[in-house]
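Below is one structure, written out as structure tokens; the observations come after it.
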Amino acid sequence: MENKEGEFSIKEHSITRRFIIGLVLILAALLVIGYIKMSLTTRAIETNRKLSHTYDVITETKSLMRTFLNIRIAERGYLLTGDRRYLQEIGVSSYSFDQHLIKLSILTRGDEVQQQRLKDLKETFNELIVRAVQPILAFRDTLTGEVTVHIEEDELNQLMEISKSLSLELESILDQIERSEYELLAIRQQEVDFWYSLDRILAFLGPALIILITFLAGRGAVVRLDRYRRQQERDQRELRSARDRFASVIKGSNLGTWEWNIVTGTVQINDSWAALLGYTKEELEPVTIETFKRLTESEDFERSFSLLQKHFRGEIDFYSCDVRMQHKDGHWVWILDRGQVISWDEEHNPLIMTGTHADISKRVADAQALARSEEENRKIFESMNQGFAYCQILLDENGVPNDYRILRVNQNFEVQTGLENKNSVGKRITELIDVVEPYWFQYNGKVALTGESMTFEAYNAGLHRLFRISSFSPEHGYFVMIIDDITQQKETEAQLIYEKNLFETTLLSVGDGVISTDAQGNVQFMNKAAETLTGWNAEEAKGRRFEEVFKILCGKDRQACPDPVRQVLEQKRAIELADDTILIARDGFERYINDSAAPILDARMQITGVVLVFRDSTEQRKKQREILSLSFTDPLTRLNNRRYYDQVKQELDTEPYYPLTLVVADVNGLKLTNDAFGHEAGDELLRKVAEVMRKTCREDDIISRIGGDEFVLLLPQTDALHAQTIVKRLNAALQREHIKGIQVSVSFGYAVKEEDGDHFEDTFKMAEDVMYQNKLASSLSFKKQVISSLLERLFSQDPTLEEHSRKVAELAASFAHVLGYQEHQIQEMRLAGTYHDLGKIAISPAIINKSSKEMTRSELLEFKRHAEIGYNILRSVGEYAPFSEAVLHHHERWDGNGYPQGLKHEDIPQEAQILAIANIYADLVGPRLHGACVSEEEAVTLLRERKNTQFNPVLIETFITKVLNKA
């Protein structure tokens, strides 16, 4: 037998070993196949992503082509018809072209060839707009009569040829981009097909390999499974026996049981679980967690669910929660819900949980009743207005009371005595107060020792308060004090006597008028202020009817106001008169008043008369009108503000004011003025525009500033012809105005609302659209004119600066040529050299004329702002934007110690490095404001000394050897 058992044990270990080896082989095969599949899928997904990216590039390219064609169509449409809506369409399409170009630039970020094509595309498009579209639109604006008469003019033909040539070039670039992407699309499609082919082959071979390994391991698994089945049968018999015993215990204890499959959400319950709520098991089935949620009060369910989550996370060993569940007949049953998870998966997620329900309604009801009783007693105790103190009397060696100890107090003890509750309980009164009068011990001692209650008034010098004490004894040696602080009451009684004597004196001297009447409305009393305001003497007015003495009118219609005394007597309540009430004095003088009337009541709350209090509010109304005027005024320009405009436009949008013209005006160059000269100059520009509008417009025209640089003119009873005359007059007046040497310029647009059926906002939108079209047409030329004016003004301040800028421009252009820049880029570098010091126009000449060593720290920081100011001015013009960054960074250093951003090495744009080298060299050899110039050889030596610190060493050598032709 022992040999057989040993043999069985050896076989069992052998089978188990083979089973484990088979599982390991299957797992290894699955991991290898899975890894290969995942790699193939990753490659396929990545190639698919690239394929989608290529589709996006092609889509954006086609969108660029459509946008470009829209511009061409709108250009021809405006040339043929003169309809200004085409101008708006060109503006929108140009903006759309830029947006699609930006998206395309982002999509092809890693492709240098495509990036170069996009750069060429942007330059060609800008050239098309500047050289063809804008001139054609400007040419069309000069035409009169039928456009077909001018078709054969040489200027137009030349512009059309330029437009055609640039359009063909632009289409060619777009075709190159599209062909390149289609070629890339074909290559990536082949890659996708290749990876998916490999994936299909692996999908066939993988399962075959797994089946083979599974078959080889299966024989060992069969034996293992058979043994497991026999063991399972034995376990089930034992489990049934244990369940029978457990069921007997559950039945005897009348507990409801539940078993929750957390994965499926189903719940198995016994009959007792359902009976606790008045149901049968069949009525509730099928039972899920939703059944529990439906029967449980929502707040209790949330609390129980929170405890369940803690149990699932292992924070608590058992789940236990008291909840209210609804009985079948509608009332609530308190249930003690308890349970524990009995099965977990490998990741320690709960699978099966069991538990019990027990009815604890009686226990909860008893506890709630006790809590309510205690709470009611506590509320009574704490809600007492008086202070409460439970004390123990203390005796000396002769049995005479000489102290007492405080054992318990309520919340108002602190309010009544001023002693802190937390510091009082457990202390003797002599520990809390330095001075305690003997009668405190005498009276309370008598109460504590004899049981006789007593009420007395007692003053305490230590607390400086007078108290009314009600003292009684609940048991021998102890007493309770009900404490009332009557210090204020006594002081009030004394004060009342004083105030009674003072009252009449006060009424006679107050600034407000006071009149009192009897119950019949006859005047009984008037103070001095009332005499002054009404013109009546108090003695003369006494006994007269109130309405004879106090005559009032309503301000709006000047009709007699209702008698306030009669209103109070009839309505039996206080009233106030309207704010625009006018009092007519006995001599006929009128003044605005504020007043109120209230009944005089006796002890039985019966009306015995009326008291009227009033004051002169004429000056107050005047100040209110001034404040109202300020709330509708723009503080900068003193014109009407947006709030006033929103209110008055509704008043004017009515029949008497039609035709109503809306003129929308936008100040040109406000941001440019702010950037160049600061916000004070910008404010001066807005004030100047407002002043011109105020002087030029008619008296009835309403001018409002509704935004930063936006104004609206409301011209009532004004048609389009008169509106055009007013706008021309405004433009003529503005052309005579200048700010900091810059001509004031405003873009106007107007529209007319002819009748009530038109929408006001539609009219405003039409005027705004025309304004934007005019602004678009004039903005570029205006900004270029402003920048030229600024440069001329800068050169006039410093005679050496013009020659220096010319020298920097030539050196920068030559350097760019040597480095292989294209012709348009060379011209941009020439302009960058010309404008590189433009930002100095906003710097005080007193600072510019100092050397860096003479400047204070704040002056040096102010001087360094000129690069950013020049950048902000130049980038506002699209033609100058490409080289504005070179101006911004031409004071950066190779070692990172430059300004304004502290860039270093290759982070500095090459154009900025070129400009920096040309600027320093021109400054060394040319006319200098600070210090003498040096020879070319000395300048070369100084440049080489600054290699690797101020300049790129490679660019320095290139500049010296190929631009300056120095060895």
Side-chain angles (χ1 to χ4, degrees), residues 101 105 108-131 165-166 169-170 172-173 176-177 784 787 791 804-838 867 870-871 874-875 877-894 898 903-923 925-926 940 943 946-947 950-966:
L101 188 62
S105 178
T108 61
R109 186 161 25 197
D111 191 338
E112 295 182 359
V113 176
Q114 293 291 53
Q115 287 288 312
Q116 183 60 45
R117 288 172 180 163
L118 291 176
K119 190 173 182 181
D120 295 342
L121 181 66
K122 174 62 176 176
E123 294 168 355
T124 305
F125 178 75
N126 290 338
E127 188 176 359
L128 174 67
I129 295 298
V130 174
R131 293 185 56 198
S165 174
L166 292 174
E169 182 178 349
L170 192 143
S172 173
I173 296 172
Q176 291 175 14
I177 295 173
K784 293 176 68 174
I787 291 175
L791 192 64
H804 171 74
S805 296
R806 184 194 63 76
K807 182 67 175 177
V808 173
E810 294 302 322
L811 288 171
S814 300
F815 202 174
H817 177 74
V818 167
L819 293 174
Y821 280 45
Q822 297 182 10
E823 183 59 33
H824 73 278
Q825 293 173 314
I826 295 173
Q827 293 305 318
E828 288 175 357
M829 290 306 304
R830 189 185 306 278
L831 289 173
T834 302
Y835 290 109
H836 77 282
D837 278 333
L838 179 62
Y871 165 74
L874 292 171
R875 71 170 179 171
V877 179
E879 185 178 338
Y880 296 162
F883 60 82
S884 62
E885 283 203 6
V887 173
L888 174 64
H889 297 298
H890 79 278
H891 283 293
E892 303 286 1
R893 291 171 55 98
W894 188 251
L903 303 181
K904 65 187 299 185
H905 296 167
E906 300 301 336
D907 290 338
I908 307 173
Q910 190 179 64
E911 293 82 354
Q913 298 182 49
I914 293 172
L915 188 58
I917 295 172
N919 178 45
I920 292 298
Y921 181 78
D923 190 44
V925 301
V940 168
L943 288 178
R946 301 181 186 181
K947 289 194 301 183
Q950 187 171 356
F951 302 118
N952 182 336
V954 176
L955 287 181
I956 279 292
E957 288 301 323
T958 303
F959 178 76
I960 293 172
T961 58
K962 295 186 178 181
V963 178
L964 301 180
N965 295 317
K966 303 290 183 180

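Excluded from the calculations below are hydrogen atoms, water molecules and symmetry mates; all remaining heavy atoms, backbone and side chain alike, are included. Bear in mind that the values here come from a model prediction, so they are computed numbers and not experimental data.
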Applying side chain to side chain contact (heavy atoms under 4.5 Å, CB included), run through R830 and Y835 and close with a yes or a no. CA-CA 9 Å; R830 189 185 306 278; Y835 290 109; over 6 Å; no

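- The two atoms that bring V808 and A922 nearest to each other are CG2-CB, 3.6 Å, heavy atoms only.
- Side chain of Q913 to backbone of I908: a donor-acceptor contact under 3.5 angstrom is found.
- Between the side chains of Q116 and E112, no donor-acceptor pair is found at a separation under 3.5 Å.
- Scanning all heavy atoms of the two residues, the minimum distance from P909 to L903 falls at CD-CD1, 4.4 Å.
- No side-chain heavy atom of R946 sits under 4.5 Å from any side-chain heavy atom of R893.
- Taking every heavy atom of both residues into account, V887 and G870 meet most closely at CG1-C, 4.4 Å.
- We find the NE2-CZ distance between H804 and R806 to be 11.5 Å, quoted to the nearest 0.5 Å.
- Ring-plane geometry between F959 and F815 is classed as tilted, the angle between the planes lying from 30 to 60 degrees on a 0 to 90 degree scale.
- With E892 contributing its side chain and K904 its backbone, the two residues share no donor-acceptor pair below 3.5 Å.
- With rounding to the nearest 0.5 angstrom, the CG atom of D120 is 8.0 Å from the CD atom of E169.
- Note: N952 CG to H905 NE2 = 9.0 Å, rounded to the nearest 0.5 Å.
- Residues N919 and H891 meet the side-chain proximity criterion, which asks for heavy atoms closer than 4.5 Å.
- Below 30°, between 30° and 60°, or above 60°: for H836 and H890 the angle between ring planes is above 60°, a perpendicular geometry.
- What you find for E885 and A912 is that their closest heavy atoms are O-CB, 4.5 Å.
- When the shell of 6.0 Å around NZ of K119 is examined, it contains 12 or fewer heavy atoms from other residues, nucleotides or ligands.
- The minimum heavy-atom distance between I914 and A812, with the atom names listed, is CG2-O, 4.0 Å.
- A donor-acceptor pair under 3.5 Å links the side-chain atoms of S814 to the main chain of E810, judged by distance alone.
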Begin from the C-alpha positions of L819 and L955 and carry the test side chain to side chain contact (heavy atoms under 4.5 Å, CB included) through to its verdict. CA-CA 9 Å; L819 293 174; L955 287 181; 4.1 Å; yes

Give the C-alpha distance, both sets of side-chain angles, the deciding distance and a yes or no for side chain to side chain contact (heavy atoms under 4.5 Å, CB included) between L964 and Y921. CA-CA 10 Å; L964 301 180; Y921 181 78; 3.5 Å; yes

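- A heavy-atom distance below 4.5 Å is not found between the side chains of E127 and H824.
- Taking OG from S884 and CG from L831, the interatomic distance works out to 12.0 Å, rounded to the nearest 0.5 Å.
- How far CD1 of I920 is from CG of L943: 8.0 Å, rounded to the nearest 0.5 Å.
- Within the model, atoms CG of N126 and CG of L166 stand 11.0 Å from one another, a figure rounded to the nearest 0.5 Å.
- Put simply, the side chain of L170 reaches to within 4.5 Å of the side chain of L121, judged on heavy atoms.
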Could you go step by step and tell me if R117 and T108 meet the side chain to side chain contact (heavy atoms under 4.5 Å, CB included) rule? CA-CA 10 Å; R117 288 172 180 163; T108 61; over 6 Å; no

